[in-house]
Number of protein chains: 2
Amino acid sequence: MSNFELFFSTKPSFPGFERNIELMTSFCEKYKRHNIALITSGGTTIPLEKNTVRFIDNFSAGTRGSASAEYLLKHGYAVIFLHRNKSLKPFSRHFEDYDFLDMLEEDRSLNGAIKVKSENIKNLLPVLVDYKQAKQEGRLLLITFTSLSEYLWYLREACFCLNTCGKLAMLYLAAAVSDFYIPQDELPTHKIQSDKGAPSISLHLVPKMLAPLVTHWVPEAFVVSFKLETDESLLLTKSKAALQKYHHKIVVGNLLHTRKTHVVIVTNDHSYDIKLTEEEQKSGIEIESKIIDDLITRHMKFAQ
Amino acid sequence: MSNFELFFSTKPSFPGFERNIELMTSFCEKYKRHNIALITSGGTTIPLEKNTVRFIDNFSAGTRGSASAEYLLKHGYAVIFLHRNKSLKPFSRHFEDYDFLDMLEEDRSLNGAIKVKSENIKNLLPVLVDYKQAKQEGRLLLITFTSLSEYLWYLREACFCLNTCGKLAMLYLAAAVSDFYIPQDELPTHKIQSDKGAPSISLHLVPKMLAPLVTHWVPEAFVVSFKLETDESLLLTKSKAALQKYHHKIVVGNLLHTRKTHVVIVTNDHSYDIKLTEEEQKSGIEIESKIIDDLITRHMKFAQ
């Protein structure tokens, strides 16, 4: 049995797991002759205790995934948004902290009514309209995960569902997935006690899922994965290596500190940059709108 | 030099650090003859790399701290809310994900206006009114941290400011602070690479801050700290030990799985439970309202 088969040999017991599989299955059934995308977004956690107080996390607010979901929806795609619990979500991502409460005021002309202040309508209205439309049409399905294990199980199940959509399915794997984990049988049950001294934590490599993903689960789909590095000198080499190893259609390479203005699109025969000019940055254009434009063109050609 | 003095011997360079200290200083100056509380809330992170992609985190949504802040504000306290970035905040904590967008609708009677749906006004209005009042009076100061190091520096600076308030200051230390960390000089600069095999992570014990907190920084203040355990058999013993070790006024003990309905208040001479009855739970009463009622009574007696 290979590494990844071993990982999937024990059925999990996440709350809501069966229900979420039903939701994904009927969503893919409804949209199987439609352009459809699975977006993964946010970081995964590695619990350090069975009763989890501490965990190792991967940095990711979910900006890339949640913005990209909006642009795919705008282009008519149906979207399964598989995201880390509490990470950014399409539409609601535009508002944080006290933004909403600050936008509201009591309407003194109407007893007890609450309205949005006139100066906030311009920014809020387009988001509200797009959100209501996606919701009304049922073109956005939200599924949440927290741990690496939940992520991997949902990813596999989503692939099984999407496989019925053939080439019309795009996988946009923007989640920041841990390379390491601690197997269940090595986890302590209770919170690690500090009076026993500082512990050492031995991590294990996560079974590589990205190769079986293509060959076993969604052989026909248009698979796009992301490679995040902090060291520029490694980026292109590692992105090309990932493309060859996993047989995906495209790897999007990006550096932690410039990821909001610059990515490298790596395909089998060439690679090119997508950048935001200073002007585009000033006018509030997001790099995800350009990435999605580019990928949709490639996806359409691929699916012909 | 002791452990904690060594930790504070190098000045940090967090963005906004100086500005936040100014804000805390003038806040404490304004409210120095007033009941004032420092609430810490949310978990701390331990970076595993200098260019941080991965980190160890402590579980904490910030529910306890953010709810308690509301009740302290309601009782007239001025509140410094020192919280983990993106954790729950007073008032906004009542709404998540798409709650706000779902509450809104275009007002067709007024061209382009947006209003809150009538069925949502009942829940939203009291929160909005309390929020606007706290904001208008300037009685709530929000300071955010992410890493353990930021937390410790802000905690110390906040204590220096609060020390001018003497016995009128309450410290309500509800943040979930890591017991372990990795010193700066042992951190790799770049993202740990998985092709070099799975790493082992050696943690160090965090210098204990809770004892110097009382004796050096805020000797007069009313200090309340929290003890979270997952193992019931350890809870009372560890809470009592913490109280004796740190010379705080009160330790609030709680178990991970029952923390929303049951805490143990441990003082120097006795301990007692605060619980929510099933009826109270059904009617939406939060245990923080009872904890804060209890602590305010004790604080007032203490400060007389």
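So you know, we letter chains A, B, ... as the sequences are listed, proteins then strands, and number each from 1.
- Looking only at heavy-atom pairs under 4.5 Å with chain A, the residue among B:Ser60, B:Pro90, B:Ala61, B:Gly43 that has the most is B:Pro90.
- Between A:Tyr131 and B:Tyr98, the ring center distance clears the sub-6.0 Å criterion.
- Proximity to chain A (any heavy atom under 4.5 Å) is restricted, for B:Leu234, to the side chain, taken from C-beta onward.
- For the pair A:Glu106 and B:Lys132, the salt-bridge criterion is not met [side-chain N within less than 4.0 Å of a carboxylate O].
- Residue B:Pro47: no heavy atom, backbone or side chain, is found under 4.5 Å from chain A.
- Contact count versus chain A (heavy atoms, under 4.5 Å) is highest, among B:Lys135, B:Glu96, B:Lys89, B:Arg93, for B:Lys89.
- A:Glu119 CD: more than 12 foreign heavy atoms inside a 6.0 Å radius.
- Considering only heavy atoms from C-beta on, B:Leu128 stays 4.5 Å or farther from A:Glu105 through its side chain.
- Between B:Ser200 and A:Ser200, the closest side-chain pair of non-hydrogen atoms is not below 4.5 Å.
- In this structure, chain B has no heavy atom under 4.5 Å from any part of A:Asp99.
- To the nearest 0.5 Å, atom CG of residue A:Leu203 and atom CD1 of residue B:Ile201 are 4.5 Å apart.
- A:Phe95 is not listed as a side-chain neighbour of B:Ser92, based on a closest heavy-atom distance of 4.5 Å or more.
- Heavy atoms closer than 4.5 Å to chain A are found nowhere in B:Tyr181, neither backbone nor side chain.
- Only the side chain of B:Leu142 comes within less than 4.5 Å of a heavy atom in chain A; its backbone stays farther off.
- Around the NZ atom of B:Lys74, the shell of radius 6.0 Å holds no more than 12 heavy atoms that belong to other residues, nucleotides or ligands.
- Evaluated for a side-chain contact (heavy atoms from CB on, under 4.5 Å) with A:Ile114, the options B:Asn120, B:Leu104, B:Val116 yield exactly one hit, B:Val116.
- A:Asn58 places none of its side-chain heavy atoms less than 4.5 Å from the side chain of B:Phe55.
- Contacts of A:Leu256 with chain B are made by side-chain atoms alone, with heavy-atom separations under 4.5 Å and no backbone atom involved.
- Counting heavy-atom pairs under 4.5 Å between each of A:Leu125, A:Val129, A:Val127 and chain B puts A:Leu125 at the top.
- A salt bridge does not link B:Arg54 with A:Asp57: every distance from a Lys NZ or Arg NE/NH1/NH2 to an Asp or Glu carboxylate oxygen is 4.0 Å or more.
- Contact check for A:Phe100 versus B:Leu101: side-chain heavy atoms found under the 4.5 Å cut-off.
- Heavy-atom pairs under 4.5 Å with chain A were tallied for B:Ile121, B:Asp107, B:Leu88, B:Ile46; the largest tally goes to B:Ile121.
- With a threshold of 4.5 angstrom between heavy atoms, A:Asp97 approaches chain B through its backbone and through its side chain.
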